[in-house]
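Just so you know, residue 1 is the first one in the sequence shown, and it goes up from there. Reckoned from all heavy atoms, side chains included, excluding hydrogens, waters and symmetry mates.
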Amino acid sequence: MPTALITGASRGLGRRTAEKLARKGWDLLLVARSSDQLESLAIELRSHGGSVAVGALDLTDQDSIAPTLQSLLQGHEPPQLLINNAGAAYTGDLVSMPLERWNWLIQLNLTSVMQVCSVVVPTMRANGGLVINVSSHAANNAFPQWGAYCISKAALASFSRCLAEEERSRGIRACTLTLGAVNTPLWDAETVQSDFDRRAMLSVDQAADALVYLAEQPTNQVIEDLTLMPSAGAF
C-alpha cells in the first residue's frame, strides 16, 4: 500500500487526514510534538490494517529534524506522499513583534518545511511522489495583526511552486492546499487573539477531505493550488 508522511499529525487537520488515509489502506509515518498522543493515535489507526510508525519531533528545533526523520524512515518504504501540515499563527503588529516570536513562526511555517523536504524528497525520487504544503488564503492577502502569518504562508506558497519546478523532471509533484479559516486548535493557541465565529469556519473534515482529494490525483496530473474557503466569508 502507498505510504504517507504527515507532520502535525497528532491533532486537528493532521490527525483527521491520517484517520481518513488509514481507512483507505494507506501506511502512515506520523510526526508531531507529543509522543503520547502519537502512540495513542497509532494504536487506533493500526486497527484499519495498515502500518503506522511515529516520530516525536518539535519542528521548531532545527537540529532535531533531520535525525528524527531519518530514524523514522529507516525500515519503511519511502513515502509516496508528504503532507507538510504543521504550522502556527501569531497576531500582533509586525514592527512590535518580538524577534524570537518571528524566528519561531518562520521556522515552523516555512524553514521546517524546507528541512523536512530536504530529508524526504530525495527518498521519493526513485518512484515519484507528491508533496502537499498546507497554506492559507492569508498568503494572498494582507490582514492587520496577521502580518507575520501572511508573510510565512506567502513564502510557503512560493516554496511549493519552486519545489515543483525543480523536482518535476525527477517525478516529484508539489502543490499547495490554500485554506480559509478552519476550526482547528490553531485558534486556541496563546499566540492568537481572535473573535472570529468558529461556527462559520470550514470543518476539519472538509479540509481533510480536500487533502485526500489531492493525494488521490493520478500521477500524470497535479492540482497545483486548491483553494477551499468557507462560504460565510470567515477569515
Looking only at heavy atoms, the pair that brings Gly180 and Pro230 closest together is CA-CD, 3.9 Å

Checking Thr68 side chain against Ile65 main chain: does a donor-acceptor pair fall under 3.5 Å?
-> no

Any donor-acceptor N/O pair, Asp61 side chain to Leu57 backbone, under 3.5 Å | no

Please assess Leu202 against Leu228 for the test side-chain contact (heavy atoms from CB on, under 4.5 Å), listing each intermediate value before the final yes or no.
-> CA-CA 9 Å; Leu202 296 167; Leu228 183 66; 3.8 Å; yes

Run the numbers on Arg16 and Asp209 for salt bridge (charged side-chain N to carboxylate O under 4.0 Å, His left out), then give the verdict.
-> CA-CA 9 Å; Arg16 193 61 50 84; Asp209 284 341; over 6 Å; no

Okay, side chain of Thr17, backbone of Leu13: is any donor-acceptor separation there less than 3.5 Å?
-> yes

Any Asp205 side-chain heavy atom under 4.5 Å of Lys20 side chain = yes

Could you please spell out the steps behind the side-chain contact (heavy atoms from CB on, under 4.5 Å) verdict for Gln115 and Val119?
-> CA-CA 7 Å; Gln115 292 182 274; Val119 175; over 6 Å; no

Minimum heavy-atom separation for Ala138 to Phe143, with atom names?
-> CA-CE1, 3.9 Å

Taking atom types as modelled and ignoring hydrogens, do the side chains of Asn109 and Ser152 form a donor-acceptor contact shorter than 3.5 angstrom?
-> yes

Step by step, would you call His76 with Thr3 a side-chain contact (heavy atoms from CB on, under 4.5 Å)?
-> CA-CA 9 Å; His76 299 280; Thr3 300; 5.9 Å; no

On a heavy-atom basis, the closest approach of Ile83 and Val134 is CG2-CG2, 4.3 Å

The reported gap from CG in Leu41 to OG in Ser10 (rounded to nearest 0.5 angstrom) is 8.0 Å

Would you give the length of the straight line joining atom OH of Tyr90 to atom CD of Gln145, rounded to the nearest 0.5 angstrom?
-> 9.0 Å

Honestly curious: do Leu28 and Ile43 fall in one hydrophobic cluster under the side-chain, below-4.5 Å linking rule?
-> no

Exercise: do Thr60 and Asp58 side chains pair donor with acceptor under 3.5 Å | yes

Are side-chain heavy atoms of Leu45 and Leu30 found at a separation under 4.5 Å?
-> yes

Report the C-alpha separation of Ser160 and Val131 in whole Å, then their side-chain angles, then the decisive distance to 0.1 Å, and conclude whether the side-chain contact (heavy atoms from CB on, under 4.5 Å) test is met.
-> CA-CA 8 Å; Ser160 295; Val131 178; over 6 Å; no

Enclosure of Glu216 CD (heavy-atom neighbours >12, cutoff 6.0 Å) | yes

Taking only Lys NZ, Arg NE, NH1 and NH2, and the carboxylate oxygens of Asp or Glu, determine whether Glu224 and Arg161 approach each other closer than 4.0 Å.
-> no

Out of curiosity, Ser135 OG to Leu226 CG, how far, rounded to the nearest 0.5 Å?
-> 12.0 Å

Nearest heavy atoms of Gly147 and Leu94, plus distance in Å | C-CD2, 3.8 Å

Salt-bridge present (Glu167, Arg173; N to O < 4.0 Å) = no

Under the 3.5 angstrom rule, does the side chain of Asn133 hit a backbone N or O of Asn84 as a donor-acceptor pair?
-> no

First locate atom CG of Asn141, then atom NZ of Lys153, and finally report the distance between them rounded to the nearest 0.5 Å.
-> 14.5 Å

Enter the distance from Arg23:CZ to His48:NE2 here, rounded to the nearest 0.5 Å.
-> 5.0 Å

Listed by chain and number, what are the side chain to side chain contact (heavy atoms under 4.5 Å, CB included) partners of Glu165, not counting sequence neighbours?
-> Arg168

Less than 4.5 Å apart, any side-chain heavy atom of Thr176 and any of Phe159?
-> no

Under 3.5 Å: donor-acceptor pair, side chain of Ser34, backbone of Gln37 = yes

Salt bridge (Lys or Arg N to Asp or Glu O under 4.0 Å) partners of Arg33, counting only residues at least two apart = none

Nearest atoms (heavy-atom pairs only) where Pro79 meets Thr123 = CD-OG1, 3.9 Å

With no hydrogens and no angle check, is any side-chain donor or acceptor of Gln221 less than 3.5 Å from a backbone partner on Pro218?
-> no

Student check: side-chain heavy atoms of Glu77 and Asp27 closer than 4.5 Å | no

Main-chain N/O of Asn85 paired with Thr7 side-chain donor or acceptor, under 3.5 Å = yes

Under 3.5 Å, side chain of Glu44 to main-chain N/O of Ser40, donor-acceptor pair present?
-> no

Within 6.0 Å of NZ in Lys24, more than 12 heavy atoms from elsewhere = no

Taking the side chain as C-beta and beyond, is there a heavy-atom pair between Val31 and Ile6 under 4.5 Å?
-> no

Gln80 and Asn127: side-chain donor and acceptor closer than 3.5 Å?
-> no

For Asp225 and Thr178, does a side-chain donor sit closer than 3.5 Å to a side-chain acceptor?
-> yes

Kindly indicate whether the side chain of Val222, heavy atoms from C-beta on, has any atom under 4.5 Å from the side chain of Gln217.
-> no

Spacing of Thr111 atom OG1 and Leu105 atom CG [to the nearest 0.5 Å] | 10.0 Å

Gln62 and Gln107 side chains, donor-acceptor separation under 3.5 Å | yes

Exercise: identify the closest heavy-atom pair between Ala155 and Leu110 = CB-CD2, 3.6 Å

Flag side-chain contact, heavy atom, 4.5 Å: Leu81 against Leu5 = no

Side chains of Ser203 and Asn183 in contact at under 4.5 Å (non-hydrogen atoms) | no

Hey, is the main chain of Met114 close enough, under 3.5 Å, to the side chain of Ser118 for a donor-acceptor pair?
-> yes

ILVMFWY cluster, Val54 and Met1 together (side-chain gap under 4.5 Å) | no

